[in-house]
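Worksheet: one structure, shown below.
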Amino acid sequence: KGIEEYKQVYRIITRAGDVRWIEDHTSVVDDPDTGLRYHQGIVVDISNRIAAEEKLRNSEMKYRRIVETTGEGFLLMDKDLNVADLNNAYCRLVKSTKANIIGKSIFDMVAENSRPFLYANRNELFHQPTYEFESRLLAKGGTTIPVLVHGNTLYDDAGSIIGNMAFITDMTEQKTALSLAGEVQKSLLPQKT
């Protein structure tokens, strides 16, 4: 085919019967004296790398399943607090789709009256290892949802911030129950002095 070099990954069976993964880097060389073409290359045993990649893939799938099946909303944000990934529970919470949310800033996803708090405290909140705060999210149709946010700042090996992840709990039922309890308590007070 006129290809001058190529790489292949395949398995071989050793004399002892073990299966090994191989990465084969090959160059096609023309011999100017004989006019013959021959292949020369380097064969590298990558079995350990393949095993580590498989283990990492399985671990990632396990944690992805946990995040996807939790009842709480999950957001993964980059260092600028733009959404990089989220789970279906978050989509259900705000009645939107992943495509509509990915890339948005967290500041655009909270209710107008919650933004000043986030802007004023962004360095303290999103630059510590763990954080927790209450806020209100904007849902489709302009409704707001009271939420509790539990988050973690993510760091690279050098200690630089690479992003944040947060679990978001819908507090609607708790807030409704507290309001009802307050009304009941008020009704127990005497109407006259």
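Source: prediction; values computed, not measured.
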### Query
Side chains of Ser27 and Gln40: is there a donor and an acceptor less than 3.5 Å apart?
no

### Query
Given a cutoff of under 4.5 Å between side-chain heavy atoms of I, L, V, M, F, W and Y, with clusters grown through shared members, what are the other residues clustered with Val29?
Tyr38

### Query
Can you name the salt bridge (Lys or Arg N to Asp or Glu O under 4.0 Å) partners of Arg122, sequence neighbours left out?
none

### Query
Using links of under 4.5 Å between side-chain heavy atoms of ILVMFWY residues, direct or through other members, which residues join Tyr10 in one cluster?
Ile12, Ile22, Val43

### Message
Tell me whether the count of non-hydrogen atoms from other residues, nucleotides or ligands lying under 6.0 Å of CZ in Arg57 goes above 12.
### Response
yes

Scan the side chains in residues 157-166 for donor-acceptor partners under 3.5 Å anywhere in the protein, sequence neighbours excluded, and list what turns up.
{"residue": "Asn164", "atom": "OD1", "partner": "Tyr131", "partner atom": "OH", "Å": "3.0"}
{"residue": "Asn164", "atom": "OD1", "partner": "Thr153", "partner atom": "OG1", "Å": "3.2"}

### Query
Under a single-linkage rule joining Ile, Leu, Val, Met, Phe, Trp and Tyr whose side-chain heavy atoms are separated by less than 4.5 Å, which residues share a cluster with Val44?
Val9, Trp21, Ile42, Ile46, Ile50

### Task
Give a yes or no on this: more than 12 heavy atoms of other residues, nucleotides or ligands lie within 6.0 Å of atom CD of Gln185.
no

### Query
Yes or no on side-chain contact (heavy atoms from CB on, under 4.5 Å) for Phe117 and Leu125, after CA distance, side-chain angles and deciding distance?
CA-CA 10 Å; Phe117 169 79; Leu125 284 175; 3.8 Å; yes

### Query
When you measure from the side chain of Asp30 to the backbone N and O of Pro32, does any donor-acceptor pair fall under 3.5 Å?
no

### Task
Answer whether the closest heavy-atom distance between the side chains of Ser96 and Tyr90 falls below 4.5 Å.
no

Tell me which donor-acceptor pairs under 3.5 Å the side chains of residues 137-152 have, and how far apart each pair is, sequence neighbours excluded?
{"residue": "Thr144", "atom": "OG1", "partner": "Arg136", "partner atom": "NE", "Å": "3.1"}
{"residue": "Thr144", "atom": "OG1", "partner": "Arg136", "partner atom": "NH2", "Å": "3.1"}
{"residue": "His150", "atom": "ND1", "partner": "Glu132", "partner atom": "OE1", "Å": "3.0"}

### Query
Any side-chain heavy atom of Arg20 sitting closer than 4.5 Å to one from Thr14?
yes

### Message
Hydrophobic clustering (ILVMFWY, side-chain heavy atoms < 4.5 Å, transitive) - are Val83 and Phe167 grouped together?
### Response
no

### Query
Got Val110 and Leu118 here, is their nearest side-chain heavy-atom distance under 4.5 Å?
yes

### Task
Kindly compute the distance separating OH (Tyr119) from OG (Ser114), expressed to the nearest 0.5 Å.
12.0 Å

### Message
Asp156: which residues meet the salt bridge (Lys or Arg N to Asp or Glu O under 4.0 Å) condition with it, sequence neighbours left out?
### Response
none

### Query
Mind checking whether Phe133 and Val94 sit in one hydrophobic cluster, side chains of I, L, V, M, F, W, Y counted as touching below 4.5 Å?
yes

### Query
Nearest 0.5 Å, what's the CE-OG distance between Met109 and Ser135?
10.0 Å

### Message
Would you say CD of Gln128 has more than 12 non-hydrogen atoms from neighbouring residues, nucleotides or ligands within 6.0 angstrom?
### Response
yes

#### Entry: Non-neighbouring partners of Glu60 that pass salt bridge (Lys or Arg N to Asp or Glu O under 4.0 Å), sequence neighbours left out
none

### Query
Val28: which other cluster members, linking ILVMFWY side chains closer than 4.5 Å, directly or transitively?
Ile3, Tyr6

### Query
Which residues pass the side-chain contact (heavy atoms from CB on, under 4.5 Å) test with Lys55, sequence neighbours left out?
none

### Task
Answer yes or no: is there a side-chain heavy-atom contact under 4.5 Å between Ile168 and Leu75?
yes

### Message
For Arg49 and Glu23: C-alpha separation, side-chain torsions, deciding distance, then whether side-chain contact (heavy atoms from CB on, under 4.5 Å) applies.
### Response
CA-CA 11 Å; Arg49 185 180 88 195; Glu23 188 171 77; 3.3 Å; yes

### Task
Hey, could you give me the CG/CG distance between Asp85 and Asp78, rounded to the nearest 0.5 Å?
12.0 Å

### Qualifying residues under salt bridge (Lys or Arg N to Asp or Glu O under 4.0 Å), relative to Glu173, sequence neighbours excluded
none

Side-chain donor-acceptor pairs of residues 97-107 under 3.5 Å, sequence neighbours excluded:
{"residue": "Thr97", "atom": "OG1", "partner": "Asn100", "partner atom": "N", "Å": "3.3"}
{"residue": "Thr97", "atom": "OG1", "partner": "Asn100", "partner atom": "ND2", "Å": "3.2"}
{"residue": "Lys98", "atom": "NZ", "partner": "Glu68", "partner atom": "OE2", "Å": "3.4"}
{"residue": "Lys98", "atom": "NZ", "partner": "Leu86", "partner atom": "O", "Å": "3.3"}
{"residue": "Ser105", "atom": "OG", "partner": "Phe107", "partner atom": "N", "Å": "3.1"}

